[in-house]
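Worksheet: the structure to be examined is printed underneath.
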Amino acid sequence: MKYWKYYMAALAVIIIDQVVKLVVHYNMEMGLPGEIHLIGDWLKLHYTLNPGMAFGVELGSEYGKLILTLFRLVAMFGISYYLYYLVKHKAPKGLIWCIALILGGAIGNLIDSTFYGVWFDNAPYGSSTPWFHGQVIDMFYIDIWEGIVPNWIPLFGGKPMSLWPIFNVADSAIFIGVLMILFNQKRFFGEHHEPEHKTTTVEQEQGL
């Protein structure tokens, strides 16, 4: 049970992630027509497809999407083993829970990439096969800012820019897991050794 409770936590993330994605897919129109405002214009539900990594970053190659999906598959096995390793070696529980969140999020998005091109026919146009070319469903839209960058700012001055991450439950789990690890590095990875007690000559003479 010491192992499986963490894998069950990852499974819970996967189930919640997939249920939310299915609800969005079957009940919302894509893009602006189906947008739902939750907190004014700041937080919205917005059905969109992500063909690449976080924030829509893509690998610029004909096989970029396939490479990304295969990388996610390898990462899934790597993280699964790392989780087992941490539990076996009695790592801090906080670190183990973080890795469980990351594992659940990674598998959640891997399911989209592997199967959604077939299930929902959402593979990008021109894909060689719908398998492993599915697009990830995103829906949580935080509209931080959109406008023209002031001219005095180097490189980006005078250019239009938008700060509006759109993500899903899997992305959130990964983000929270990574953030907690970054904030607790010393606690999770710091080595704590008890100082060794060296017996002095006086103590030896006194039989201590």
Side-chain angles (χ1 to χ4, degrees), residues 10 12-61 64-73 75-76 79 98 100-127 130 132-149 153 155-156 159-183:
V13 172
I14 297 168
I15 292 174
I16 295 171
D17 175 65
Q18 290 298 308
V19 167
V20 172
K21 288 172 178 174
L22 292 177
V23 169
V24 167
H25 176 76
Y26 286 112
N27 294 277
M28 289 183 65
E29 290 186 65
M30 195 173 296
L32 286 173
E35 191 171 88
I36 300 174
H37 292 247
L38 300 177
I39 304 178
D41 290 328
W42 183 74
L43 179 61
K44 316 168 190 175
L45 287 179
H46 182 99
Y47 180 8
T48 187
L49 297 176
N50 181 353
M53 297 178 282
F55 306 107
V57 177
E58 300 181 61
L59 297 178
S61 165
K65 179 62 179 180
L66 179 60
I67 293 171
L68 176 61
T69 302
L70 294 178
F71 172 78
R72 283 172 168 161
L73 185 61
M76 178 194 72
I79 298 170
C98 288
L101 286 176
I102 294 171
L103 175 62
I107 296 177
N109 283 334
L110 176 63
I111 292 173
D112 297 31
S113 298
T114 304
F115 301 109
Y116 279 15
V118 178
W119 295 348
F120 301 144
D121 192 27
N122 74 1
Y125 177 76
S127 299
F132 301 105
H133 285 80
Q135 300 189 72
V136 174
I137 292 178
D138 290 334
M139 73 292 297
F140 299 116
Y141 181 176
I142 299 179
D143 194 350
I144 299 174
W145 179 82
E146 184 173 0
I148 305 297
V149 179
I153 296 181
L155 299 178
F156 302 102
K159 298 179 181 179
M161 181 175 290
S162 300
L163 299 175
W164 41 268
I166 305 179
F167 53 96
N168 54 44
V169 174
D171 297 330
S172 301
I174 294 172
F175 179 78
I176 292 171
V178 171
L179 195 67
M180 292 302 295
I181 291 174
L182 291 176
F183 284 160

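Here the structure is a predicted model, which is why all the values come from computation and not from measurement. Residue indices begin at 1 and follow the sequence shown.
- Here the straight-line distance linking atom CG of L110 with atom CG of L73 works out to 5.5 Å at 0.5 Å rounding.
- For the pair E29 and Y47, the minimum side-chain heavy-atom distance is 4.5 Å or more.
- Within 6.0 Å of CZ on F120 lie more than 12 heavy atoms contributed by other residues, nucleotides or ligands.
- For the salt bridge (charged side-chain N to carboxylate O under 4.0 Å, His left out) test, residues two or more places apart in sequence or in another chain that qualify with D112 are K21.
- For T69 (side chain) and F132 (main-chain N/O), a donor-acceptor pair under 3.5 Å exists by modelled atom type.
- Checked options M139, H46, M30; the residue passing with V24 is M139 (criterion: side-chain contact (heavy atoms from CB on, under 4.5 Å)).
- Residues forming a side chain to side chain donor-acceptor pair (under 3.5 Å) with Y116 (at least two apart in sequence, or on another chain): Q18.
- Summarising the geometry, atom CG belonging to L32 is positioned 10.0 Å from atom OG1 belonging to T48; distances are rounded to the nearest 0.5 Å.
- Shown here for A170 and G105, the closest heavy-atom pair between the two residues is CB-O, 3.3 Å.
- I181 and C98 get closest at one heavy-atom pair: CG1-CB, 3.7 Å.
- Atom CG of N50 is separated from atom CD of Q135 by 8.0 Å, given to the nearest 0.5 angstrom.
- Residues A100 and A10 come closest through the heavy atom pair O-CB, 3.4 Å.
- Inter-residue side-chain proximity for L49 and I137 is flagged as met; some heavy-atom pair is nearer than 4.5 Å.
- Distance alone, capped at 3.5 Å, places no donor-acceptor pair between the D17 side chain and the V13 backbone.
- In terms of heavy atoms, I174 sits closest to I102 at CG1-O, 3.9 Å.
- Checked against I111 for a side-chain contact (heavy atoms from CB on, under 4.5 Å), the options T114, N109, I107 give a single hit: I107.
- Under the rule for a ring pair (Phe, Tyr, Trp, His ring centres under 6.0 Å), the partners of F140 that lie at least two apart in sequence or sit in another chain are F167.
- Minimum heavy-atom separation, S113 to V136: OG-CG2, 4.0 Å.
- The structure places CG of D138 at 7.0 Å from CD1 of I166, a figure rounded to the nearest 0.5 Å.
- Taking each heavy atom of I14 and G108 in turn, the nearest pair found is CG1-N, 4.3 Å.
- At least one side-chain heavy atom of I142 sits under 4.5 Å from a side-chain heavy atom of W42.
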